[in-house]
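The figures here come from the full heavy-atom set of this structure, side chains too, leaving out hydrogens, waters and symmetry mates.
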Amino acid sequence: MIKCRVKRVNEKETGAGARASARVGFDEPDNGEDSHRISPSPVVHVRGLCEAVVEADLIDALEKFGPICYVMMMPFKRQALVEFSAVESADRCVSCGAKEPVYIAGQQAYFNYSTSKRITRPTNADNPNSGNKVLLLSIQNPLYPITTDVLYTVCNPIGSVLRIVIFKRNGIQAMVEFESVQCAQKAKAALNGADIYAGCCTLKIEYARPTRLNVIKNDNESWDYTKPYLVRRDRGKGRQRQAILGEHPSSYSDNSYGPPCPLLPLPGNSRYKLTSVDVPDMVSYPLPQSSSSYSGHAPSSVAMVSGLHPSKMNCTRIFNLFCLYGNIEKVKFMKSVPGTALVEMGDEYAVDRAITHLNSIKVFGKRLNVCVSKQHAVIPSQVFELEDGSSSYKDFAMTRNNRFSSAGQASKNIIQPPSAVLHYYNVPPCISQDHLLRVKCFSSSKTISGLLEFDSKTEAVEVLTVLNHYQIRIPNGSNPYTLKLCFSTSSHL
């Protein structure tokens, strides 16, 4: 029997779907409560930030109240936590914000004391002056592939990059080692909270624990720019890496494959820019590259999934799971290879996201293997009946449950690896905690959203696979509610 804990989210969050509600919750009030209800703290909770704000903007606007020792960005909430060195500085900030408008990056912001007395750091350092020149980058909502070439193009114009290592344990993260602590400080201030590509691939930056990175090969997941001879050559086995920016990543000004995308204006304050006159006020990023362009595969929007449970998995349940990472066009089980299916997705980016987040996860006691298929389309041939009686082939091209059908719809999705916490939305408000998993409801005209915490990630995956897009019918109602589920960024309630 699967057990879970439930947390409802404010009804206003429902309209933003998975994007708003699946974000990690903080204990700061979000409804404009008076500051005197919370005891003074050196940590100030900042709300009402514009989407383009970065850490440097907060420092520029708030350092007049006193020295700032740490900033934590919450970009999808348009909020931040700012820790001052003294509670008196925080008091001046909150008091001033209550009396007169305080603008950050041209938009009025709102301030309150945090219930925390200190921002938790990923390291033991109390401030950026600890001597660490390695940054930890967490890439949130990674709609496009993130490679060493992309991160070098983003970071190197601000400070000289020595080494980069990308890993995918908890979503997509990377460590970037700069030439000096000062370069790392400039990069953190200028890039923390920024989007690599418009509306996605948002950077959350902290100081890393290691003080130096060890790189043994130069490829799309690791690179030592002080040792170009580490480039791995094809030896007839495995995948051959095709360099996107040439033999060695060059600066943004040498980028020659496709028009640049100027997305990120650097802060006007010269503290956060290199002194060289060759560095412009705008960093140009490369256009998103196909995942196949650096993996050695021909471009394909078809994924091959093996390790499927023979009686508990079908086309609809595959759709329920894979639709979190891109549109699903068609799903077909292979008669000649039991437990294997082909999933045609909207594009190769979707296939790359599905491989990144779903490969090797366990579903109904079986470990999935997800890889790029050699097929370029799914053809409905050799249709047969699965063990549960459903068809081995299904076309989902016209379903309204696809979540990436337009740019606006896609921007509401948060690309997140499987977790033990699910975000649910489009549920009638009369549903109680006892009824949620039984999906029983009563009449209502509005919807609610919230979080469901399970005992394990595997249980959450299986519940999502079975119940995502479940039709909740209301007595005397004309249209049913479609239960929507996705993985939350919260690790617990």
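Side chain of Asn359 to main chain of Cys371: no donor-acceptor pair is present (N/O by atom type, distance under 3.5 Å, no hydrogens or angles). Not a single donor-acceptor pair under 3.5 Å links the side chain of Ser392 to the backbone N or O of Phe333. Side-chain atoms of Glu462 come within 3.5 Å of backbone atoms of Phe364 as a donor-acceptor pair (strictly under, hydrogens ignored). At least one donor-acceptor pair closer than 3.5 Å links the side chain of Ser419 to the backbone N or O of Ser488. At distances below 3.5 Å, at least one donor-acceptor pair connects side-chain atoms of Asn320 with backbone N or O atoms of Asn468. Formation of a donor-acceptor pair under 3.5 Å by the Asp224 side chain with backbone atoms of Arg163 is not found in this model. Under a 3.5 Å cut-off, the side chain of Asn141 and the backbone N or O of Ile415 do form a donor-acceptor pair. The main-chain N or O of Gly48 is found under 3.5 Å from a side-chain atom of Gln107 such that the two form a donor-acceptor pair. Under the 3.5 Å distance criterion, the side-chain polar atoms of Arg78 are matched with a main-chain donor or acceptor of Leu49.
Looking at every heavy atom in both residues, Pro418 comes nearest to Ile361 through CG-CG2, 4.1 Å. When all heavy atoms of Pro145 and Asp352 are compared, the pair lying nearest together is CG-OD2, 3.9 Å. A pairwise comparison of heavy atoms in His357 and Gln416 identifies ND1-C, 4.3 Å as the closest pair. Annotation for Gly307 and Leu368: closest pair O-CD2, 3.6 Å, computed over non-hydrogen atoms. Nearest heavy-atom pair, Leu342 versus Ser373, reported as atom, atom and distance to 0.1 Å: CD2-OG, 3.8 Å. Residues Cys183 and Phe178 come closest through the heavy atom pair CB-CB, 3.9 Å.
Here the side chains of Arg400 and Ser405 are not in contact, with every heavy-atom distance at 4.5 Å or above. Side-chain contact between Ser306 and Val337: absent, with no pair of heavy atoms (C-beta onward) separated by less than 4.5 Å. Using a 4.5 Å cut-off on side-chain heavy atoms (C-beta onward), Val466 and Arg317 make contact. Between Met72 and Thr120, the closest side-chain pair of non-hydrogen atoms is not below 4.5 Å. Residues Gln382 and Tyr393 have side chains not in contact (no heavy-atom distance under 4.5 Å, counting atoms from C-beta outward). Here the side chains of Phe487 and Val421 are not in contact, with every heavy-atom distance at 4.5 Å or above. No side-chain heavy atom of Val305 sits less than 4.5 Å from a side-chain heavy atom of Val363. You'll find the side chain of Arg212 reaches within 4.5 Å of the side chain of Glu177, heavy atoms only.
Under the rule for a side chain to side chain donor-acceptor pair (under 3.5 Å), Thr399 has no partner lying at least two apart in sequence or in another chain. Ser222 pairs by the side chain to side chain contact (heavy atoms under 4.5 Å, CB included) definition with Val165, Val215, Lys217, Asp219, not counting sequence neighbours. A search for ring pair (Phe, Tyr, Trp, His ring centres under 6.0 Å) contacts involving Phe319 returns Phe396, His469, not counting sequence neighbours.
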Does Leu143 form a side-chain contact (heavy atoms from CB on, under 4.5 Å) with Phe404? I'd like the steps, not just the answer.
CA-CA 11 Å; Leu143 285 176; Phe404 295 78; 3.8 Å; yes
Between Tyr424 and Leu467, does the side-chain contact (heavy atoms from CB on, under 4.5 Å) criterion hold? Intermediate values first, please.
CA-CA 11 Å; Tyr424 70 87; Leu467 292 181; over 6 Å; no
Given the rule in the side-chain hydrogen bond (donor to acceptor under 3.5 Å, both in side chains) test, do Thr202 and Asp195 qualify, once you have shown the distances and angles that lead to the verdict?
CA-CA 4 Å; Thr202 303; Asp195 292 343; 2.6 Å; yes
Dump the intermediate steps for side-chain contact (heavy atoms from CB on, under 4.5 Å) on Ile139 and Ile166, then the final yes or no.
CA-CA 10 Å; Ile139 295 85; Ile166 299 174; over 6 Å; no
Test side-chain hydrogen bond (donor to acceptor under 3.5 Å, both in side chains) on Gln471 and Thr482 and set out the steps.
CA-CA 5 Å; Gln471 296 290 298; Thr482 300; 2.8 Å; yes
Given Met74 and Lys204, is the side-chain contact (heavy atoms from CB on, under 4.5 Å) satisfied, shown in steps?
CA-CA 8 Å; Met74 295 180 270; Lys204 182 177 180 182; over 6 Å; no
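When each of Leu137, Ile164, Leu135, Leu203 is paired with Cys155, the side chain to side chain contact (heavy atoms under 4.5 Å, CB included) condition holds for Leu137 and for no other. If you run side chain to side chain contact (heavy atoms under 4.5 Å, CB included) between Val343 and each of Val331, Val370, Val302, only Val331 comes through.
Rounding to the nearest 0.5 Å places CD1 of Ile414 at 7.5 Å from CD of Gln140. Here the CG atom belonging to Leu485 is positioned 8.5 Å from the CG atom belonging to Leu324, to the nearest 0.5 angstrom. Remark: Leu58 CG to Leu81 CG distance equals 10.5 Å, nearest 0.5 Å. Taken to the nearest 0.5 Å, the CE atom of Met175 stands 7.0 Å off from the CG atom of Leu213. For the atom pair SG (Cys323) and CD1 (Ile328), the distance works out to 6.5 Å, reported to the nearest 0.5 Å. Between the CG atom in Asn192 and the CG atom in Asp57 there is a gap of 11.0 Å [rounded to 0.5 Å].
Here Lys330 does not pair with Asp395 in a salt bridge; the nearest charged N to carboxylate O distance is not below 4.0 Å.
In this pair, Tyr207 and Tyr70 present their aromatic rings tilted. The plane angle is within the 30 to 60° band.
Within 6.0 Å of CD on Gln409 lie more than 12 heavy atoms contributed by other residues, nucleotides or ligands.
Side-chain contact check for Thr316 and Lys394: at least one donor-acceptor pair (N or O, by modelled atom type) lies under 3.5 Å.
Relative to the ring axis of Tyr425, Arg403 does not place its NZ or CZ within 45° and under 6.0 Å from the centre.
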